[in-house]
Amino acid sequence: MTTTRQIQLTRRPQGTPTTEDFRTVHVDLPELAAGQVLVRNTHLSVDPYMRGRMNDVKSYVPPYALDAAMEGGAVGVVEESRSDTVPVGTTVLHMAGWREHAVLGEGEVRAVDAERVPASAYLGVLGMPGLTAWVGLTAIAQVREGDTVFVSGAAGAVGSVAGQIARRLGAAKVVGSAGSADKVAWLVDDLGFDAAVDYSQGPIARQLAGHGPFDVYFDNVGGDHLEAAILHMADFGRLALCGAIAGYDTPVPGPRNLMMAISKRLTLRGFIVSDHGELAGDFYRTVGSWLAAGELTHRETVMHGLDRTVEGFLGLARGANTGKMVIDLT
Ligand SMILES: NC(=O)c1ccc[n+]([C@@H]2O[C@H](COP(=O)([O-])OP(=O)(O)OC[C@H]3O[C@@H](n4cnc5c(N)ncnc54)[C@H](OP(=O)(O)O)[C@@H]3O)[C@@H](O)[C@H]2O)c1
């Protein structure tokens, strides 16, 4: 094979991205050099953080280049190899997503066990989103036995794992928020949340009344959710600031009640999962064993084919996913 398809960013989105900000192109595949492998991608990840990389601003990751392949988590199978350590047939995790094939150095891929769990799990529950939930609850919010925990964006990739991990770490009560009745029902009926609120049905601050006070808030949303959480936090509560998706396309005002952080003696701490690689071992052992034992529920919303990658990404901001949004190229 000599050519493959990839998706490129053609211009920097203003506000909400549209399909016109991307294009699909055919490109030539280079010959393999020594130590390189050709990977056929089977599953691509689309994630909210990618919106931030579309802006030309300094951040913890560099912006996406225009007219070059987008990047992101992906799982694939090695089809050709000039590496002694990564043979043909190996299932690998890497960052050359948004494309059908990638030529990568052996150091740019990590072999994963696709026998024990489906390969796509390494993009979700056993991947970066799952690790994010683990880091946020253990290292950042330090969930303790008996805590009352609120998770926003609770039916998404990170949130759905976070709620279940919180429970297993000893939380006495776990409350979630999500944007539809179906999602709220999934949280309570299948994931074991004690309660869940549908923020589309009225102000989140009002809906949370009676569910707190919260010792821990795992924030995936920011905006009105963060403000509502501050209102309903217990004294000395800990807030893990993981994401702020309500403001990714168009910034939203900060919480108007931030001064309550003083009177309640709150700790608000932001974090980036990639700073906490040292926790990955604990995470894989603990969450991997819960998963293998069938003690964790996870779900994927799957789009089929490279041509639906942009649609999958755009769907994240509209809540089109329950659990992890995955693009299946098989
Ligand atoms: N700090 C880190 O290292 C790190 C790592 C990974 C992810 N994150 C952050 O964690 C959050 C969750 O990421 P994810 O990958 O798990 O995505 P996700 O939750 O699977 O998908 C995004 C979800 O956000 C919700 N949403 C979209 N717009 C919203 C709004 N205006 N208000 C409330 N909810 C809204 C939607 O669900 P509804 O239907 O419920 O609205 C949607 O399904 C994101 O903010 C992401 O940036 C941070």
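Whatever order the structure lists ligands and atoms in, that order sets their numbers, starting from 1.
- Annotation: Pro129 places no N or O atom under 3.5 Å from an N or O atom of ligand 1; distance criterion only.
- Ligand-side atoms of ligand 1 in range of Ala178: 40 (O), range being under 4.0 angstrom from any heavy atom.
- Each of the atoms 44 (C), 45 (O), 46 (C), 47 (O) of ligand 1 lies under 4.0 Å from some heavy atom of Tyr248.
- Every atom of ligand 1 with a heavy atom of Ala246 under 4.0 Å away is listed here by number and element: 31 (N).
- The ligand atoms of ligand 1 that sit less than 4.0 angstrom from a heavy atom of Val273 are 2 (C), 3 (O).
- Residue-ligand proximity: Met128 is placed with a non-hydrogen atom under 4.0 Å from ligand 1.
- Considering only non-hydrogen protein atoms, atom 21 (O) of ligand 1 sits nearest to Asn321 ND2, 3.3 Å.
- Proximity of Ala317 to ligand 1, defined as any heavy-atom pair under 4.0 Å, is confined to the backbone N, CA, C and O atoms.
- For the pair Asp194/Arg167, a side-chain contact is recorded, criterion being any heavy-atom separation below 4.5 Å from C-beta on.
- Residue-to-ligand polar distances keep Arg318 apart from ligand 1: every N/O pair is separated by 3.5 Å or more.
- Checking only distances, Gly179 does come within under 3.5 Å of ligand 1, N or O to N or O.
- Judged purely by distance below 3.5 Å, without hydrogens or angles, the side chains of Tyr284 and Ser289 never pair a donor atom with an acceptor atom.
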Problem set entry | ring pair (Phe, Tyr, Trp, His ring centres under 6.0 Å) assessment of Phe150 paired with His232 | CA-CA 10 Å; Phe150 171 44; His232 293 292; 8.7 Å; no

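- Only the backbone of Ala244 comes within 4.0 Å of ligand 1, judged by heavy-atom distances.
- Under 3.5 Å, the side chains of Gln8 and Arg23 contain a donor-acceptor pair of N or O atoms.
- At least one side-chain heavy atom of Arg12 sits under 4.5 Å from a side-chain heavy atom of Leu66.
- With hydrogens and angles left out, the side-chain atoms of Tyr49 and Asp47 include no donor and acceptor closer than 3.5 Å.
- Contact atoms of ligand 1 toward Ile245: 22 (C), 24 (O), 26 (N), 27 (C), 28 (N), 29 (C), 35 (C), 45 (O) (distance under 4.0 Å to a heavy atom of the residue).
- Side-chain contact between Arg11 and Glu20 is present, with heavy atoms from C-beta onward closer than 4.5 Å.
- With hydrogens and angles left out, the side-chain atoms of Asn41 and His94 include a donor and acceptor closer than 3.5 Å.
- Here's the thing with Lys183: one of its N/O atoms is less than 3.5 angstrom from an N/O atom of ligand 1.
- Atoms of ligand 1 found under 4.0 Å from any heavy atom of Gly323 (numbered from 1 in listed order, with element): 20 (O).
- Annotation: cation-pi pair Arg51/Tyr248 absent, no NZ/CZ under 6.0 Å from the ring centroid and within 45° of its normal.
- Considering both main-chain and side-chain atoms, Tyr199 comes within under 3.5 Å of ligand 1 through a nitrogen or oxygen pair.
- No side-chain donor-acceptor contact under 3.5 Å links Gln6 and Thr24.
- There is no path of hydrophobic side-chain contacts, each under 4.5 Å, that joins Phe214 to Ile140.
- Of the heavy atoms in Lys324, none comes closer than 4.0 Å to ligand 1.
- Side-chain contact of Asp182 with Ser180: a donor-acceptor pair under 3.5 Å is absent, judged by distance alone.
- Without hydrogens or angle criteria, Lys183 side chain to Ala154 main chain gives no donor-acceptor distance under 3.5 Å.
- Within a 6.0 Å sphere centred on CG of Asp67, heavy atoms belonging to other residues, nucleotides or ligands number more than 12.
- With distances taken over non-hydrogen atoms, the option nearest atom 19 (O) of ligand 1 out of Gly156, Gly319, Ser200 is Gly156.
- Here's the thing with Pro48: none of its N/O atoms is less than 3.5 angstrom from an N/O atom of ligand 1.
- Note on ligand 1: Cys242 sits in its first shell, one or more heavy atoms being nearer than 4.0 Å.
- Close approach of ligand 1 to Leu316 (heavy-atom distance below 4.0 Å) involves ligand atoms 21 (O), 22 (C), 23 (C), 27 (C), 36 (C), 42 (C), 43 (O).
- Panel note: side chain Arg238, backbone Ala141; a donor-acceptor pair is recorded below 3.5 Å.
- Residue Phe271 places at least one N or O, backbone or side chain, under 3.5 Å from an N or O of ligand 1.
- Not one N or O of Ser274 is nearer than 3.5 Å to an N or O of ligand 1, by distance alone.
- Every atom of ligand 1 with a heavy atom of Ala157 under 4.0 Å away is listed here by number and element: 16 (O), 18 (P), 19 (O), 20 (O).
- Closest heavy-atom approach to atom 45 (O) of ligand 1 within the set Asn220, Val184, Ile272, Val221: this belongs to Asn220.
- Where the criterion is an N or O separation shorter than 3.5 Å, residue side chain and backbone included, Thr132 fails it with respect to ligand 1.
- By the criterion of a heavy-atom distance under 4.0 Å, both the backbone and the side chain of Val158 are placed next to ligand 1.
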